[in-house]
Number of protein chains: 2
Amino acid sequence: MENKVKIARIQVDLTQQQLAERIGVTRQTISLIEKGKYNPTLKLCLDICYAVNKTLDEVFWIERKSD
Amino acid sequence: MENKVKIARIQVDLTQQQLAERIGVTRQTISLIEKGKYNPTLKLCLDICYAVNKTLDEVFWIERKSD
DNA sequence: GAATAATGCAATATATATGTTACGATTTAT
DNA sequence: ATAAATCGTAACATATATATTGCATTATTC
């Protein structure tokens, strides 16, 4: 589950801890999402987007593989 | 958790059952997502987008309420 | 290079997304 | 009007997202 959370987070100059606090989630959750080891819920994706000033497509969109 | 799944699904002429089968999920899950009663995972959101030929922003983006 | 901050990660616990089954309601076709 | 298809929803079971705690590793700063 690759994504651009880490890039976006660094662009707005936030640590995992700071981002987690703003969203109301733990640092571990942010860490695992950035490492692609979690499949986050839509609400959490939206909260992340709001915090980094980007849209879902910009942070989480993945082109369909086959066809 | 409002979204445009129902509109997008009807645009590509699929029933809840057909969409569910293509995605590999149950009809109930699609129903509850359309009614805004579920907070789907990112992977499921992506699978829905692929099935209806739209992007995350087109189907699931919600403007942040209070900036 | 030592101190501190930031991050990765593992084990266990809890909350919740999703599955299963079933039935009633609504829509569509005959 | 009846039959069939589609959809809404409830109860319970299961899978998994997230929390909690703790410690190890890497980066930063002095």
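We use all heavy atoms of the structure for the numbers below, so side chains are in, but hydrogens, waters and symmetry mates are not. Naming convention: chains lettered A, B, ... in sequence-line order (proteins, then strands); numbering from 1 in each chain.
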> In dot-bracket notation, what is the pairing pattern of DNA chain C, taking Watson-Crick (N1-N3 plus N6-O4 or O6-N4) and G-U wobble (N1-O2 and O6-N3) contacts under 3.5 Å, with [ ] crossing and | for other strands?
Replying inline: ||||||||||||||||||||||||||||||
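One atom, CD of A:Gln17, and another, P of C:dT7, lie 9 Å apart when rounded to the nearest Å. Following rounding to the nearest Å, A:Gln16 (CD) and C:dA6 (C1') show an atom-to-atom distance of 8 Å. B:Leu14 has its CG atom 11 Å from the P atom of D:dT6, to the nearest Å. Following rounding to the nearest Å, A:Ile33 (CD1) and D:dT16 (C1') show an atom-to-atom distance of 13 Å. Rounded to whole Å, the distance from NZ on B:Lys35 to P on C:dA17 is 18 Å. One interatomic measurement links the two molecules: CD1 of A:Ile30 to C1' of D:dA19, which rounds to 13 Å at whole-angstrom precision. Note: CD (B:Glu21) to P (C:dT20) measures 13 Å, nearest angstrom. A:Leu44 places its CG atom 18 Å from the P atom of C:dA15, with the value rounded to the nearest Å.
In this structure a side-chain-to-backbone donor-acceptor pair under 3.5 Å is present from B:Asp57 to A:Asp57. Remark: the backbone N or O of B:Thr55 is paired with a side-chain donor or acceptor of B:Glu58 at under 3.5 angstrom.
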If you look only at distance, which donor and acceptor atoms sit under 3.5 Å apart when one is on a side chain in residues 44-54 of chain A and the other is two or more places apart or in another chain?
unit_1, atom_1, unit_2, atom_2, d
A:Asp47, OD2, A:Lys43, NZ, 3.0
A:Tyr50, OH, B:Ile62, O, 2.3
A:Lys54, NZ, A:Gln11, OE1, 3.4

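Under the 4.5 Å side-chain heavy-atom criterion for grouping Ile, Leu, Val, Met, Phe, Trp and Tyr, A:Phe60 is connected to A:Val12 within one hydrophobic cluster.
When the nucleotides D:dG8, D:dA19, D:dA17 are ranked by their closest atom to the side chain of B:Thr41, D:dA17 comes out on top.
Using a 4.0 Å heavy-atom criterion, one finds that B:Leu32 contacts no nucleic acid atom at all. Within 4.0 Å of A:Lys37, counting heavy atoms only, lie sugar-phosphate atoms of the nucleic acid but no base atom. Across all strands shown, B:Thr15 has heavy atoms under 4.0 Å from sugar-phosphate atoms exclusively, and none from any base.
Rounding to the nearest 0.5 Å places CZ of B:Arg27 at 12.5 Å from CG of B:Leu19. Within the model, atoms CG of B:Leu42 and CG of A:Asn39 stand 6.0 Å from one another, a figure rounded to the nearest 0.5 Å. Interatomic distance, B:Gln17 CD to B:Thr26 OG1, rounded to the nearest 0.5 Å: 9.0 Å. With values rounded to the nearest 0.5 angstrom, B:Lys35 atom NZ is found 14.5 Å from B:Ile30 atom CD1.
Within the 4.0 Å cut-off from OP1 or OP2 of C:dG8, at least one side-chain nitrogen or oxygen of A:Ser31 is found.
Contact between A:Asn3 and A:Glu34 at its shortest, heavy atoms only, is OD1-CA, 4.3 Å.
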N/O to N/O distances under 3.5 Å, protein versus nucleotides 20-23 of chain D:
unit_1, atom_1, unit_2, atom_2, d
D:dT21, O4, A:Gln28, NE2, 3.1
D:dG22, O6, A:Gln28, NE2, 3.2

